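Just below is one structure, and these are the notes that go with it.
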Amino acid sequence: MGEKIPPVKGTRDVLPTDTYLKKDDPWVRTGHLQLIEQAARDIFPLYGYREARTPILERTALFARGIGDATDIVSKEMYTFEDRDGTQVTMRPEGTASLVRAYVEHAVQQQGGETKWWYAGPMFRHERQQRGRYRQFTQIGVEALGSTGPRIDAEQIEMLDRWLRFLAVPFEMHVNTLGDARCRPAYRTALQEYLRANADRLCEDCKKRTETNPIRVLDCKNPRCQEVAAGAPRMESYLCDECKAHFDGLRESLTRLGVAHLVDPKLVRGLDYYTRTTYEAIATSGLGSQSTVAGGGRYDGLVRELGGGDVAGIGFAAGVERLALLVAQAGREKEERPVVFLAPLGAAEEARADVLAKHLREAGIAAEVSFRGSNAANQLKRANALGARFALVVGELELSSGRAKLKELRTGEQHEVDLARLPDEVKRLAQNTPPSAA
RNA sequence: GUGGCUGUAGCUCAAUGGUAGAGCACUGGACUGUGACUCCAGGUGUUGCCGGUUCGAGCCCGGUCAGCCACCCCA
């Protein structure tokens, strides 16, 4: 026997049932992911977003330039390697850069108007894993390109709000503004000067952050740093007129659309490309310290940075595994179970059952046949374990008479049916008695 | 990348340094053709891995790997 080959660290299997999963595994089933994805697939097109699929593998330069060299993601978390022809390639750590590359590559700007895309797929970051953080994880995200005003920001935030509320996830929507290329530098400088003057009261990390990413200091969990942060200059008072108008417009729109939100001046996003609007949906319970369930913002300079025109954009990305943890806790899941379980008692009956199953499936009814050649009791036990709604025992009597008893497992009630018309009979009975909630 | 905690059967867990066990689940039977309740029977382990201490290690020690939690960062 060969040795067992373990999975790569930080990667996980998602399986349809959890009877073989460990109890303290904060993990989820395929059904949880499917519920989340299906909801996105249903809701996003209502807002005009259409699906785009881009490669998982991209040139390293795309992320280095798009996300920012100095960010943690680019500087220490990317899965990067040299392709056989010498090209430096990276397994994507996020989706926005790729979508913008595709937008530029195909000169989508020439079509005019807004471009709204959504995407779903695996992302890779080499981080130490913990609850809600994995090296391969899944994001569902959207990007809206070609519009500068705050109304589209509000529409997108309302869409995220609707999606999360449909999923019954407990969350709060936080919004903030980071200013733009004109007013952010002035604020950054003022903040840095303030932080340097108070460096003796900052933690070691924040002393570094003062130079690399001073806005992050505002978000530090260290109580002493928070005291310093409390007295720091505020972005609000440095916003240029345009940025201030944009933020005011966003909040008005959100209120008009009925989106509950709170302004969070400490909301800072880690990627370099964000300007003006930033927002995050933060879980209020159920997750550990990785409680951001979706985050996004405006990136008005990114398209130009990646070789395109002067095109504004805004998008968000949601962590599907984090959502799934919450959906699992709420007990919500897309279920797939057989409607009819066929239990044949001998070789001739098995042959007939196989064909009966085919007829049921042709009629759109989920059917499973036993392949185990066991007695009726054990096959019924199997039908019950699978959660089937009906069981049909096929024996000599049924073969000769062409009639059988269709047993409803929840109630134990048996209905006499004509095998030649089995799909119709099942449909008729399924209508009369609603499926059990269990 | 740093720190803490934890690794025993598919799962949940026992086992004063002295023969590795139970419950659940699974499979079969009681019931030669009717599940969920009941009863009976069956099997499984390189005690994560490597080394050390010891007459003897699942237990003690060191290392390592993995998982979880937190820092950091982010989805």
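Because the structure is predicted, anything quoted here is derived from the model rather than measured. Labels below follow one simple rule: chain letters A, B, ... track the order of the sequence lines, proteins then strands, and each chain is numbered from 1.
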Between the protein and nucleotides 45-51 of chain B, which nitrogen or oxygen pairs are less than 3.5 angstrom apart?
none

Could you tell me whether A/Lys405 atom NZ has more than 12 heavy atoms of other residues or ligands within 6.0 Å of it? no
How would you list, by chain and number, every residue that makes a side chain to side chain donor-acceptor pair (under 3.5 Å) with [X], sequence neighbours excluded?
X        : value
A/Arg128 : none
A/Gln414 : none
A/Asn213 : none

Using nucleotides 30-37 of chain B, report all nitrogen or oxygen pairs with the protein that are shorter than 3.5 Å.
residue, atom, partner, partner atom, Å
B/rG33, O6, A/Glu396, N, 3.2
B/rG33, O6, A/Leu397, N, 3.1
B/rG33, N1, A/Glu398, OE1, 2.9
B/rG33, N1, A/Glu398, OE2, 3.2
B/rG33, N2, A/Glu398, OE2, 2.6
B/rU34, O2', A/Lys407, NZ, 3.1
B/rG35, N7, A/Lys407, NZ, 3.0
B/rG35, O6, A/Leu409, O, 3.3
B/rG35, O6, A/Gly412, N, 3.4
B/rG35, N1, A/Leu409, O, 2.1
B/rG35, N2, A/Asn384, OD1, 2.4
B/rG35, N2, A/Leu409, O, 2.8
B/rG35, N3, A/Asn384, OD1, 3.2
B/rA36, O4', A/Asn384, ND2, 3.4

Going by side-chain contact (heavy atoms from CB on, under 4.5 Å), name the residues that satisfy it together with [X], two or more places apart in sequence or in a different chain.
X        : result
A/Glu105 : A/Arg101
A/Asp200 : none
A/Pro338 : A/Glu368, A/Leu386, A/Ala388
A/Glu114 : A/Ser147, A/Ile152

A/Glu82: partners by salt bridge (charged side-chain N to carboxylate O under 4.0 Å, His left out), with sequence neighbours left out: none
With a cut-off of less than 4.0 Å, is there a side-chain N or O of A/Gln130 near OP1 or OP2 of B/rC69? no
Under 4.0 Å from OP1 or OP2 of B/rG3: is there any side-chain N or O of A/Arg128 that close? no
If the P atom of B/rA9 is compared with that of B/rA20, how far apart are they to the nearest Å? 16 Å
Here the helical stems involving RNA chain B, each at least 3 consecutive Watson-Crick or G-U pairs closer than 3.5 Å, sorted by first residue number, are B:1-7 with B:65-71, B:10-13 with B:21-24, B:26-30 with B:38-42, B:48-52 with B:60-64
Provide the full list of side-chain hydrogen bond (donor to acceptor under 3.5 Å, both in side chains) pairs with a residue in residues 222-231 of chain A, sequence neighbours left out, each pair given once. none
